[in-house]
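One structure is given below, encoded as structure tokens.
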Amino acid sequence: MEKALQNYIEELKSDVASLVYSDGEGASFEDKFTEYCIEVFESIGKSEGARVLSYIHPNSQGGIDWKINGYCLKDQFKDENNKTYFETLDLFITCFRNDSYEYNIPKDEYTKALNQIKRFINSSLKRHIDYIDHSHTELNELIKIIGKQGKDFDRINVYFLINGFSNHEKEKLEINDVDVFVHTWDVARLFKINESNSVHEPIEIEFEKFTEEGKGLQCLQVPSIDEMYDCYLAIVPGEVLANLYKEFSNELLESNVRAFLGQAGKFNKGIRDTIRTKPQMFLPYNNGITATAESVEIESIDGQLVITRLNDFQIVNGGQTTASLYHTQKKYKEADLSKIFVQMKLTVIKDKEQKNIEVPNISRFANSQNKVSELDLSSNNPYFVQIENLSRKKYVVNPENKNQSLLWFFERANGQYRETLNKQTPSQQKKFKEQNPSHLKFVKSDVAKFINLWELEPHFVAQGSQKNFIHFTKKINILVSKNKPVGENLYKKLIANAILFKATDKLFGRKGVD
């Protein structure tokens, strides 16, 4: 076993043990390993808002009938009847051995565990679980939501967490009328993410799986004009884009400046109406999508260049088009995507060091149907990602009540506070609001104001949010280029400045002037 992996295993064991001992008597290693994995997922945007929820229901032979270790309800929408539903359900099941982090899970044990979570899903969907004690409020509420929503989930993700190694990979669980995707996370996969220091897990697309004839996606390669990148042009079937969104949801749009905005706005409503009434005109009407990837696999089939696989595929412009194709097809059964085709410009950034710089630039300069500001474009800047991570776990003493500690909620992307609140069950929302009061929410332009004022630059702050923010980003981009992370001290300084700013603004700001 390579030394780096061995060192990671030792760190992992130590981190899980620390979580157990810091939680006091009664904490289990399995729960804390689950908690550790959930924190990893949150750091890479995989399952934000997930919670540990452990329960084992025995069968009549003394074994396990079904089991669950955690869950996350996310992507809340309202349908045409104003009924609220969750687009995605994430469920966690954990296989944990106390004696080793280096075991290989046997095939029968792997299959047995997946069958346990499968029985939980099946029984919940059919509303057969009505025997859980009322003291398990959160579990009962989850089961109720699953039963009530039923097959209206767009996807159910099962995250199989293993504190060892797995040579097995199951893609789906077969459950009637519901797509259940399986994601196996073992020590090797956790190690890979840890080593990459990435803010997301790269998406690998095998286009043979998504195209009708299984040959991949026909393309034209643009003659190379720069060693840093390759560029390809393709016409993508609407059904392929809808199926990609169905499987990967907003992870596909992670480098995009914003997630799906819904179909109420003027532009997205127009996309929806074209899909429904003039699908054959979608190609000339629509601007198409702009995408990036880290690497591409190309084959020549019958004299045509074909894209068979993409690594780290991201739609950086055209997220609204992609999501609208999926949601319109789902909402309106008469919507025919077989006549819809979308033009795609794909840029493969070969220079990894330039990727984080050029992907936002591609998003910035690509044609867009919705106006995009510098504030939108900075959402994935590592500086703000680090502030977001700290804001979710670093409690700050309430100046108005020294006995109370609160979280200042940093909204890295527009609408995050509302989305995070919506992910909670009703019983959790009260606690969330108590820990994250809305008046302590702050956004990227606020960070620029707090820091620039402290650094004696009020003349920039007075120019307005956009201009002040542009000046601020020039400074933080220097820090990012020097790989200087946002530490706890800088975060404390930021919140201290926020308290000073809010207190001063309350006394002397425009609102305080008669």
Side-chain angles (χ1 to χ4, degrees), residues 33-55 66-77 85-95 110-111 113-125 139 142-143 145-147 149-162 166 168-186 189-190 193 200-206 209-210 242-254 259-260 313 322-323 326-327 330 419-420 422-425:
F33 176 70
T34 306
E35 183 180 315
Y36 174 93
C37 292
I38 285 174
E39 288 181 1
V40 171
F41 296 154
E42 289 197 351
S43 71
I44 60 175
K46 182 68 69 174
S47 187
E48 187 180 357
R51 296 172 60 85
V52 176
L53 178 63
S54 295
Y55 191 90
W66 56 261
K67 175 184 175 182
I68 181 176
N69 288 92
Y71 76 99
C72 181
L73 290 160
K74 60 187 183 184
D75 306 325
Q76 190 175 39
F77 285 91
Y85 77 96
F86 294 94
E87 184 178 300
T88 305
L89 168 64
D90 291 343
L91 294 173
F92 300 86
I93 184 166
T94 304
C95 179
Y110 180 90
T111 304
L114 286 180
N115 284 336
Q116 291 165 3
I117 194 72
K118 180 179 179 179
R119 285 193 289 270
F120 170 75
I121 297 169
N122 234 337
S123 299
S124 298
L125 289 172
L139 177 59
L142 172 64
I143 292 168
I145 291 172
I146 296 173
Q149 186 162 318
K151 63 181 181 180
D152 286 336
F153 283 110
D154 293 330
R155 69 194 64 80
I156 297 177
N157 293 314
V158 169
Y159 289 94
F160 190 5
L161 313 179
I162 304 167
S166 173
H168 322 292
E169 182 67 52
K170 191 173 179 68
E171 292 187 356
K172 285 187 177 182
L173 293 178
E174 300 300 326
I175 296 179
N176 290 339
D177 300 323
V178 181
D179 286 310
V180 182
F181 300 97
V182 177
H183 309 272
T184 302
W185 280 79
D186 63 356
R189 193 169 178 180
L190 291 168
I193 284 294
H200 75 279
E201 186 185 34
I203 292 176
E204 291 188 6
I205 304 292
E206 295 181 18
K209 289 168 49 180
F210 291 93
N243 288 334
L244 285 171
Y245 186 82
K246 180 178 183 179
E247 180 165 342
F248 297 104
S249 186
N250 287 330
E251 289 183 46
L252 197 67
L253 318 179
E254 190 171 282
F260 182 50
F313 179 67
T322 304
Y326 170 74
H327 284 288
K330 180 185 176 185
E419 290 176 6
T420 305
N422 287 340
K423 290 172 185 175
Q424 316 285 334
T425 60

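Every heavy atom of this structure was used, including side-chain atoms; hydrogens, water molecules and symmetry mates were not. Quantities reported herein were computed from a predicted structural model and do not represent experimental measurements.
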What closest approach, in Å, do [X] and [Y] show between heavy atoms, and which atom pair accounts for it?
X      : Y      : value
Gln116 : Trp66  : O-CB, 3.2 Å
Ala242 : Tyr326 : O-CD1, 3.7 Å
Lys46  : Trp185 : CE-CZ2, 4.3 Å

Find out whether [X] and [Y] are in side-chain contact, i.e. whether some heavy atom of one side chain is under 4.5 Å from a heavy atom of the other.
X      : Y      : value
Asp90  : Phe41  : no
Leu173 : Leu114 : yes
Leu161 : Asn69  : no
Glu247 : Lys172 : no
Ile143 : Tyr55  : no
Phe120 : Ile146 : yes
Phe153 : Leu73  : yes

Open item on the list: Under the side-chain contact (heavy atoms from CB on, under 4.5 Å) test against Leu53, which residue among Leu139, Leu91, Thr34 passes?
Closed with: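 One option only clears the test, and that one is Leu139.
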
Task: Tyr110: ring pair (Phe, Tyr, Trp, His ring centres under 6.0 Å) partners, not counting sequence neighbours - done: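 For Tyr110 the ring pair (Phe, Tyr, Trp, His ring centres under 6.0 Å) partners, ignoring immediate neighbours, are Phe160, His168.
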
TODO: Please identify each residue that fulfils ring pair (Phe, Tyr, Trp, His ring centres under 6.0 Å) with Phe313, with sequence neighbours left out.
DONE: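 Partners of Phe313 by the ring pair (Phe, Tyr, Trp, His ring centres under 6.0 Å) criterion come out as none, since no residue qualifies.
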
- [ ] Using a strict 4.0 Å threshold on nitrogen-to-oxygen distance, state whether Asp154 and Lys246 make a salt bridge.
- [x]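 Salt bridge between Asp154 and Lys246, a charged N being under 4.0 Å from a carboxylate O: no.
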
Indicate yes or no for a side-chain donor-acceptor contact from [X] to the backbone of [Y] under 3.5 Å, with no hydrogens or angles considered.
X      : Y      : answer
Asp186 : Ser166 : yes
Arg155 : Phe181 : no
Lys330 : Asp152 : yes
Lys67  : Thr94  : yes
Glu35  : Val52  : no

Roughly how far apart are [X] [atom1] and [Y] [atom2], rounded to 0.5 Å?
X      : Y      : atom1 : atom2 : value
Thr322 : Leu252 : OG1   : CG    : 6.5 Å
Asp179 : Asn157 : CG    : CG    : 10.0 Å
Glu169 : Arg189 : CD    : CZ    : 6.5 Å
Cys37  : Phe92  : SG    : CZ    : 9.0 Å
Ile175 : Lys118 : CD1   : NZ    : 6.0 Å
Glu204 : Phe248 : CD    : CZ    : 9.0 Å

Open item on the list: Would you say that more than 12 heavy atoms from the other residues, nucleotides or ligands in this model lie under 6.0 Å from the NZ of Lys151, or not?
Closed with: no

- [ ] Go through the steps to decide whether Tyr71 and Ile145 satisfy the test side-chain contact (heavy atoms from CB on, under 4.5 Å), and finish with yes or no.
- [x] CA-CA 12 Å; Tyr71 76 99; Ile145 291 172; over 6 Å; no

